[in-house]
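Everything below concerns the one structure shown next.
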Amino acid sequence: MTEYQHVTEDMSVYRDGSIKLHGPEGYEGMRKAGRLAAEILDELTTMVEPGVTTGELDAKVRELTLDGGAVPATMGYRGYTHSCCISINHVVCHGIPSDKRLKEGDIVNIDVTPLLDGWHGDTSRMFFAGEPSIKAKKLVEVTYECLMIGIAQVRPGARLGDIGAAIQEHAESHRYGVVREFCGHGLGRLFHDAPEVVHAARAGSGPELRAGMFMTIEPMINLGKPHVKLLNDGWTAVTRDKSLSAQFEHSIGITEDGCEIFTKSPKGLDKPPY
Ligand code: MF3
Ligand code: CO
Ligand code: CO
């Protein structure tokens, strides 16, 4: 049995396994945090080029986050010390910024989460360094479609599993693999909260979606098999078969007749080429 709880000021920070149903104050907070997150990614579009290091991109994310009056939620999160995650080519997610330089043809995910006035705006997009291969560009395009097809399922009365079912069907129709080890999540005053939003599921399964729920949808789609492995740094997840992987993420809130995307690009820069 799923439990839902209408959020009040004092309980919204507790992780008790229930699905929180937020009110107008939450929507206001998430709009601002989500907008800042999207603006940060907008700013990066001109900076992602062959030769730039992922550490330089991370420093820019930190600067833009602080300038926006927020802090990067990833800094100090479970021992993570950077302002974003940057995942190149066969890295599935949680790539750690470093001295590594992007090279011509790389496909790159940058995942940012400003924490603004107590609310988390969690979003990621793919970027191209130069001109990737046709198959890489196709993977990125279909992964963006997967995110938007998942979002299109979201309305009160639908089931959580409808999201994953739609994503899985689309990805597998292209013979891509849907990563199972990482999923979307509830968020709000907490970075990661119930429910787990899986990206491969059975339609009609899982809890009912209700107005007031906040969650991310963030499918990771592999050009090859769905399987991942974790590197020794304890963070970096890569495809087992070394195939390319892509991901996009939005933070959304369920409304009476569908959903609101908090992290849409104000400039329409939601997917490459930018
Ligand atoms: N932003 C990631 C997500 O979408 C989480 C990153 S946590 C970190 O949920 F510690 F790896 F940064
Ligand atoms: Co997320
Ligand atoms: Co994220």
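Please read all numbers here as calculations on a predicted model, not as lab measurements.
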Residues Phe128, Val140; criterion side chain to side chain contact (heavy atoms under 4.5 Å, CB included); working and verdict: CA-CA 10 Å; Phe128 296 157; Val140 169; 3.9 Å; yes
Measure the [atom1]-[atom2] distance between [X] and [Y] for me, rounded to the nearest 0.5 Å.
X      : Y      : atom1 : atom2 : result
Ile261 : Leu147 : CD1   : CG    : 7.0 Å
Ile88  : His90  : CD1   : NE2   : 9.5 Å
Met126 : Leu41  : CE    : CG    : 12.0 Å
Phe127 : Thr46  : CZ    : OG1   : 9.5 Å
Phe182 : Glu218 : CZ    : CD    : 10.0 Å
Ile110 : Leu44  : CD1   : CG    : 5.0 Å

Closest non-hydrogen atom pair, [X] against [Y]:
X      : Y      : result
Pro114 : Thr65  : CB-CG2, 3.9 Å
Ile107 : Ala136 : CG2-CB, 4.0 Å
Gln153 : Ala166 : NE2-CB, 3.5 Å
Cys146 : Ile167 : O-CG1, 3.3 Å
Arg78  : Trp235 : O-CZ2, 3.4 Å
Asp58  : Ser83  : OD1-N, 2.8 Å

Quick one: are [X] and [Y] in side-chain contact, heavy atoms under 4.5 Å?
X      : Y      : value
Arg189 : Trp119 : yes
Gln247 : Cys93  : yes
Val61  : Leu64  : no
Ile19  : Met215 : no
His22  : Met30  : no

Is it the case that the side chain of [X] and the backbone of [Y] share a donor-acceptor pair, with hydrogens and angles ignored and the cut-off at 3.5 Å?
X      : Y      : result
Arg155 : Gly258 : no
Glu43  : Glu39  : no
Ser243 : Asn222 : no
Arg15  : Asp193 : no
Ser18  : Lys20  : no
Gln168 : Ala165 : no

Are there over 12 heavy-atom neighbours, none belonging to [X], within less than 6.0 Å of that residue's [atom1]?
X      : atom1 : value
Glu63  : CD    : yes
Arg35  : CZ    : no
Glu208 : CD    : yes
Asp233 : CG    : yes

Aromatic centroids of His170 and Tyr176 separated by under 6.0 Å: no
Between Tyr80 and His82, ring centroids under 6.0 Å: yes
Polar contact flag, side-chain donor to acceptor under 3.5 angstrom, Tyr77-His192: yes
Pair His227, Glu181: side-chain N/O donor-acceptor within cut-off below 3.5 Å: no
Using a strict threshold of under 4.0 Å (side-chain N to carboxylate O), is an ion pair present between [Y] and [X]?
X      : Y      : value
Glu141 : Lys137 : no
Lys264 : Asp270 : yes
Arg202 : Asp162 : no

Full working for side chain to side chain contact (heavy atoms under 4.5 Å, CB included) between Asp241 and Leu223: CA-CA 10 Å; Asp241 62 9; Leu223 192 49; over 6 Å; no
Passing candidate, side chain to side chain donor-acceptor pair (under 3.5 Å) with Arg125, options Thr263, Thr45, Asp42: Asp42
Side chain to side chain contact (heavy atoms under 4.5 Å, CB included) evaluation trace for Val52 with Leu57: CA-CA 7 Å; Val52 71; Leu57 293 166; 4.1 Å; yes
Side chain to side chain contact (heavy atoms under 4.5 Å, CB included) partners of Arg31, counting only residues at least two apart: Tyr27, Glu28, Glu260, Phe262
side-chain hydrogen bond (donor to acceptor under 3.5 Å, both in side chains) contacts touching residues 105-117 (sequence neighbours left out): Asn89-Asp106, Lys103-Asp106, Asn109-Ser124, Thr113-Asp122
CA sep, side-chain torsions, deciding dist, call: Thr239, Lys225, side chain to side chain contact (heavy atoms under 4.5 Å, CB included): CA-CA 8 Å; Thr239 55; Lys225 297 254 155 45; over 6 Å; no
side-chain hydrogen bond (donor to acceptor under 3.5 Å, both in side chains) between His94 and Thr236, worked out: CA-CA 5 Å; His94 303 165; Thr236 312; over 6 Å; no
ILVMFWY network linking Val178 to Phe248, side-chain heavy atoms under 4.5 angstrom: yes
